[in-house]
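For reference, the structure is listed below as structure tokens.
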Amino acid sequence: MPIVLYDTRQRRKVPFEPLEAGTVKMYTCGQTVYDDAHIGNFRTYIFEDLLRRSLKFLGYQVVQVMNLTDVDDKTIRESCRQGIPLKEYTAPIIERFFEDLDTLGIERAEHYPAATDHVPEMIALIQTLLEKGYAYQAEGSVYFSVSRFKDYGQLSGMSLERLAKGVRIDADEYEKDDFRDFALWKGRTPEDGEVSWEAPFGRGRPGWHIECSAMSMRYLGEEFDIHTGGVDNIFPHHENEIAQSVAATGKGFARYWLHSAHLVVDGEKMSKSLGNFYTVKDLLAKGYPPRAIRYVLLSVHYRQPLNFTDEVAQAAMRSLERFDTLYQAAVLASGGGKVRNTLREALDNTRQGFASSLQDDLGIAEAMADLFKLVSTVHQLAQEKPLNRAEGVALKALWGDVDRVLGLLIPEETGISGQILDAVRNRERLRRSHDFAQADRIRVELNQRGIQLEDTTEGTVAIWPGGRRIVRIEDDNS
RNA sequence: GGCGGCGUAGCCAAGAGGCUAAGGCGGAGGUCUGCAAAACCUCUAUUCAUCGGUUCGAAUCCGAUCGCCGCCUCCA
């Protein structure tokens, strides 16, 4: 069964076929590094991570590029304000960005090109556009002439005529031939400070759209498979990328365009004034474990608007605990015996169902439903007869396999203090001597510290937000 | 004004013409347990924003209405 993806340009699901069999080249619009990324940004990066991991799971090699926009009005303004070089201003922001990617378990792309490291490529591309007559110079800047590109608007459905209606024209852009034209190169202004590059058409800095065209070509070629971003990028950013790229090369540029819907918080668009603007670190500070954040951002289909609320995050934590019961059952499985046929069948069905759900435009909800069904099946079987070692091994193998895509199924085992472990062991000793009053008091204390206990024949399981661990008295010395 | 999206149970969320409308969270009752927790069992939408239409048949297609949201020159 082929992979089917929703292509923004065609406004429908289409069968996916990479240019080069077995390899997918994808360009994912990344962060403008003027400030820390917020969870809305990460909703998109999680979608791209799911796309990447799904393609790999389904047998493709993936080459992913994510750009870092480190030169624009905001980065320049802030670096000037702080009186430090641009790179010095953006470096720590980029560092924190990667920390957040790691926190959320987002796999690293193959390339993270920064715009400022690829100015020569951009200049060359602009030169080509000038030579081919698609661009013109005005007052030190270079603009792309939209009217000369006949297919303009095919991605967003914005025809040139429609764009003419209800326009607003910025006063400082009077030098453009046509208000719909966009800047490829911005002539140097005093506000740019030290930030400028020498080019055949004058000193200045690149426009926004040109970096993605130049860097995608550099790392993926003039034509590649998938280009993604948030819906807000459809127009004008991606529309302009297509125009300048196709005009320059005559090739088709990206073949599939995928866009993720936005995230809102408590039903409202995030904004600093509303106080509902969150970074990953803000959420960690609020006590949400990374797995739960990832779960929330991942579990809603990428083309559906996602409403982040406390209730949703709490439900995510509980859902993860449900998933974890399967992993725990697999870890605790012991004794001889073969894998029961019913389990073997369930494992096969789950693997197939999971894969085919992903193949249908990354149907994450169905994929997860398949896993929840397996959780039920496993517990039902364990009710009949405890899981044996072979069954535990088979379950862990499947769990690890599907987690290559989800990246959240394996509970944390660290993050609990030795002091708490001692308390758990102490309680177990008290239980064994039938001092239930004392034992229960310890349990209540631990509950109040956010740690749930489960007594099993294999030991006491300590559960905390994001993780769980089996605590045995016998392990005390090891 | 132009372009586009969304509205399914208390909450989240699948389903996109035809088996009893997936799944998760939450809730109610029961089994198990020293007691819990987890697990298991049973129940929790006669109906898919509203109103019309097409059809043998619609949550799914069409139209209108209401509500929410995004984009319309540098916001994922």
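Chain letters run A, B, ... following the sequence lines, proteins first, then strands; residues in each count from 1. Computed from a prediction, not measured in an experiment: that's the story for all the values here.
Residue contacts shown for A:Gly229 are limited to sugar-phosphate atoms, with no base heavy atom under 4.0 Å away. Among the protein residues, A:Asp72 comes within range of no part of the nucleic acid, since none of its heavy atoms lies under 4.0 Å from any strand. In this structure, A:Leu263 reaches the bases: a heavy-atom distance under 4.0 Å links it to at least one base atom across the strands shown. At a threshold of 4.0 angstrom between heavy atoms, the contacts of A:Ser319 are confined to the sugar-phosphate backbone, with no base atom among them.
Taking the C1' atom of each, B:rC25 and B:rC35 are spaced 26 Å apart, rounded to whole Å. The C1' atoms of B:rG10 and B:rG26 are separated by 7 Å, rounded to the nearest whole Å. Between B:rC75 and B:rC12, the distance separating the two C1' atoms is 27 Å to the nearest Å. Across the C1' atoms, B:rC19 and B:rG57 are found 14 Å apart, a figure rounded to whole Å. Across B:rG5 and B:rG52, the matching P atoms stand 26 Å from one another, rounded to whole Å. Rounded to whole Å, the separation between the P atoms of B:rC61 and B:rG15 comes to 12 Å. Taking the C1' atoms as reference points, B:rU20 lies 29 Å from B:rC62, given to the whole Å. Comparing B:rA22 with B:rC48, their P atoms are spaced 15 Å from each other, to the whole Å.
Sequence order on RNA chain B of the closest nucleotides to A:Ile234 and A:Phe372 puts A:Phe372 first from the 5' end. Summary of the strand contacts: A:Ala316 and A:Pro236 both lie near RNA chain B, and taking for each the nucleotide with the nearest heavy atom, the more 5' one is attributed to A:Ala316.
B:rA49 is paired with B:rU65 under the criterion used here, namely a Watson-Crick or G-U wobble arrangement in which both key atom distances are under 3.5 Å. Across all strands shown, B:rA14 has no partner, as no Watson-Crick or G-U wobble contact with both distances under 3.5 Å is found. Pairing for B:rG1 goes to B:rC72, judged as Watson-Crick or G-U wobble with the two contacts each under 3.5 Å. Across all strands shown, B:rA39 forms a Watson-Crick or G-U wobble pair, both distances under 3.5 Å, with B:rU31. Nucleotide B:rA22 is matched to nothing when pairs are restricted to Watson-Crick or G-U wobble geometry with both distances under 3.5 angstrom.
Considering only side-chain N and O atoms, A:Lys269 lies under 4.0 angstrom from the phosphate OP1 or OP2 of B:rC71.
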* Go along nucleotides 10-15 of chain B 5' to 3' and tag each nucleotide: B for a protein heavy atom under 4.0 Å from its base, S when only backbone or sugar atoms are that close, - otherwise. => -SSSSS
* To do: Any chance you could list the contact pattern along nucleotides 30-39 of chain B? Use B for base contacts, S for sugar-phosphate-only contacts and - for none, protein heavy atoms under 4.0 Å, 5' to 3'.
  => ----BBBBSS
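Classification of the A:Phe144-A:Phe182 ring pair by plane angle, with boundaries at 30° and 60°, yields parallel. Ring geometry, A:Phe253 versus A:Trp257: the interplanar angle falls from 30° to 60°, so the pair is classed tilted. The aromatic rings of A:Tyr112 and A:Phe98 sit perpendicular, their planes meeting at an angle over 60°, well past the 30° parallel limit.
The distance from atom CZ of A:Arg43 to atom P of B:rG70 is 14 Å, rounded to the nearest whole Å. Between the P atom of B:rA76 and the CG atom of A:Leu101 lies a distance of 14 Å, rounded to the nearest Å. Straight-line distance from the CD1 atom of A:Ile106 to the P atom of B:rA76: 14 Å, rounded to whole Å. Going from atom CZ of A:Phe277 over to atom P of B:rC75 covers 13 Å, rounded to whole Å. Atom C1' of nucleotide B:rG4 and atom CG of A:Asp7 are separated by 15 Å, given to the nearest angstrom. Protein atom CZ of A:Arg303 is 8 Å distant from nucleotide atom P of B:rC6, rounded to whole Å. Rounded to an integer number of Å, the gap from A:His262 NE2 to B:rC68 P is 20 Å. The OH atom of A:Tyr302 sits 14 Å away from the P atom of B:rG5 (whole-angstrom rounding).
For A:Glu428 and A:Arg425, the salt-bridge test fails: no basic side-chain N is under 4.0 Å from an acidic carboxylate O.
When only modelled atom types and interatomic distance are considered, A:Gln383 and A:His379 share no side-chain donor-acceptor pair under 3.5 Å.
With sequence neighbours excluded, no residue satisfies salt bridge (Lys or Arg N to Asp or Glu O under 4.0 Å) with A:Asp7. Applying the ring-ring contact (aromatic ring centres under 6.0 Å, His included) test to A:Tyr302 and every residue at least two apart in sequence or in another chain returns A:Phe47. Looking at residues two or more places apart in sequence or on another chain, you find no ring-ring contact (aromatic ring centres under 6.0 Å, His included) involving A:Trp464. Under the rule for a side chain to side chain donor-acceptor pair (under 3.5 Å), A:Ser319 has no partner lying at least two apart in sequence or in another chain. Every residue meeting the side-chain contact (heavy atoms from CB on, under 4.5 Å) condition with A:His118, not counting sequence neighbours, appears here in chain and number order: A:Pro113, A:Glu121, A:Met122, A:Met215, A:Arg218, A:Tyr219. A:Glu78 pairs by the salt bridge (Lys or Arg N to Asp or Glu O under 4.0 Å) definition with A:Arg81, not counting sequence neighbours. Checked against salt bridge (Lys or Arg N to Asp or Glu O under 4.0 Å), A:Asp35 has the following partners two or more places apart in sequence or in another chain: A:Lys272.
Of the candidates B:rA76, B:rG23, B:rG24, B:rA76 carries the atom nearest the A:Thr44 side chain, counting heavy atoms from C-beta on.
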